[in-house]
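Accompanying notes for the structure given below.
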Amino acid sequence: MNDGFDWDAARESLPLLLEGFRVTLLATVLGTLVAAVLGLAVAMAGRAPSRLVTAPVRVVTEFVRSTPLLVQLVGAAALFNTVEPLYIGITVLGIHYAAYTSEVYRAGIDGVPKGQWEACRALSLPPRRTWQAVILPQAVRNVLPALGNYAISMFKETPFLAVITVQEMVFEARKYGADNFAYTEVFTLAGLIFLVASYPTSLLMRKLEKRLGH
C-alpha cells in the first residue's frame with residue numbers, strides 16, 4: 001500500500017471535483033437569491049399591522065431557525081420525492097437562510113434614522129414610494145456585508161446537499177474516494193477548492209463592511 005499522497009489520483013479526480021463545484025456554486029448563488037428576496041419579504045411581513053400576518057410569519061420563522069438544515073433537507077426530499085433534488089436543495093437552503101436574513105433586514109430597517117420616516121410623512125409620500133425610494137435603499141446598503149457573510153456560510157453548508165443525492169463537490173469527492181480508495185487526495189482537493197473560493201470572498205466582505213462603516 002502507498003501511504004503517500006497519490007498525485008495521479010488527485011489529477012484524475014480534479015475534473016470531477018470541478019464539475020461538482022459548478023453545482024455547488026449554482027446552489028449557492030440561487031439559494032442566496034432566494035434567501036435575499038424571501039428574507040426581505042419576511043421582514044416586511046413582520047412589520048404588518050395585523051397579528052394575523054405577523055403571528056404565522058413568526059411561528060414559521062422560529063420553526064425554520066430551530067430545526068437543523070439537514071433535517072429540513074431530508075424532510076423536503078421525502079415530501080417532494082418527484083422533484084429534482086437540486087431544486088429541493090436550492091429551495092431549502094434559500095428558506096433556511098431567509099429566516100436569518102429577515103432579521104438582518106429588520107435590523108437594517110430599524111437602523112434607518114427616524115428623521116427619514118418623518119420627512120416622508122411630511123412630504124406626504126405614499127407608503128410604497130417611501131419604502132422603494134427612501135427606506136429600503138438605505139437599509140439594504142447597511143446590511144450588504146451581513147448578507148454576504150450568510151452567502152459564504154451557505155456555500156460552506158452545501159455539502160449537506162449530498163444527503164439528498166445532489167451531485168455537488170463533496171458528493172463527487174466521496175464517490176471518487178470510494179471507487180478508488182483515494183479519500184485523502186479528493187477531500188484535500190475539495191477542501192482547498194472551498195478555501196480558494198471562500199477566503200477571498202470573506203476578505204471582500206470584510207473590506208466592504210469597513211467601507212460602508214465609514
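Treat the numbers as computed from the prediction; the structure is a model and nothing was measured.
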May I ask you to decide if [Y]'s main-chain N or O and [X]'s side chain share a donor-acceptor pair within less than 3.5 Å?
X	Y	result
Glu172	Leu16	no
Ser13	Ala10	yes
Gln116	Val134	no
Thr32	Ala151	no
Gln72	Thr67	yes

Ring pair (Phe, Tyr, Trp, His ring centres under 6.0 Å) contacts touching [range] (sequence neighbours left out):
range	answer
residues 115-138	Trp117-Trp131
residues 16-38	none
residues 168-190	none

Checklist entry - Leu40 and Leu136: side chain to side chain contact (heavy atoms under 4.5 Å, CB included), yes or no, with the steps? => result CA-CA 10 Å; Leu40 179 58; Leu136 288 182; 3.9 Å; yes

Next on the checklist: Would you compute the distance between atom NE2 of His96 and atom CG of Leu69 and round it to the nearest 0.5 angstrom?
Outcome noted: 5.0 Å

Next on the checklist: What's the separation between atom CG in Asp6 and atom CZ in Arg11, rounded to the nearest 0.5 Å?
Outcome noted: 8.5 Å

Item to check | Partner residues of Glu62 under the salt bridge (Lys or Arg N to Asp or Glu O under 4.0 Å) criterion, sequence neighbours left out | outcome: Arg65

Would a single hydrophobic cluster contain both [Y] and [X], if residues Ile, Leu, Val, Met, Phe, Trp and Tyr are joined by side-chain heavy-atom contacts under 4.5 Å?
X	Y	value
Leu30	Leu38	no
Leu86	Phe80	yes
Leu70	Tyr87	yes

Next on the checklist: Could you work out, with side chain to side chain donor-acceptor pair (under 3.5 Å) as the rule, every residue matching Arg129, not counting sequence neighbours?
Outcome noted: none

Item to check | side chain to side chain donor-acceptor pair (under 3.5 Å) partners for Arg106, two or more places apart | outcome: Glu103, Asp110

Next on the checklist: Quick check on Arg206: does its CZ atom have over 12 non-hydrogen neighbours (other residues, nucleotides or ligands) under 6.0 Å away?
Outcome noted: no

Checklist entry - So Ile109 and Ile135, side chain to side chain contact (heavy atoms under 4.5 Å, CB included) or not? Walk me through it. => result CA-CA 7 Å; Ile109 293 170; Ile135 305 304; 4.3 Å; yes

Checklist entry - With respect to Phe155, which candidate in Tyr150, Phe160, Phe194 satisfies the ring pair (Phe, Tyr, Trp, His ring centres under 6.0 Å) definition? => result Phe194

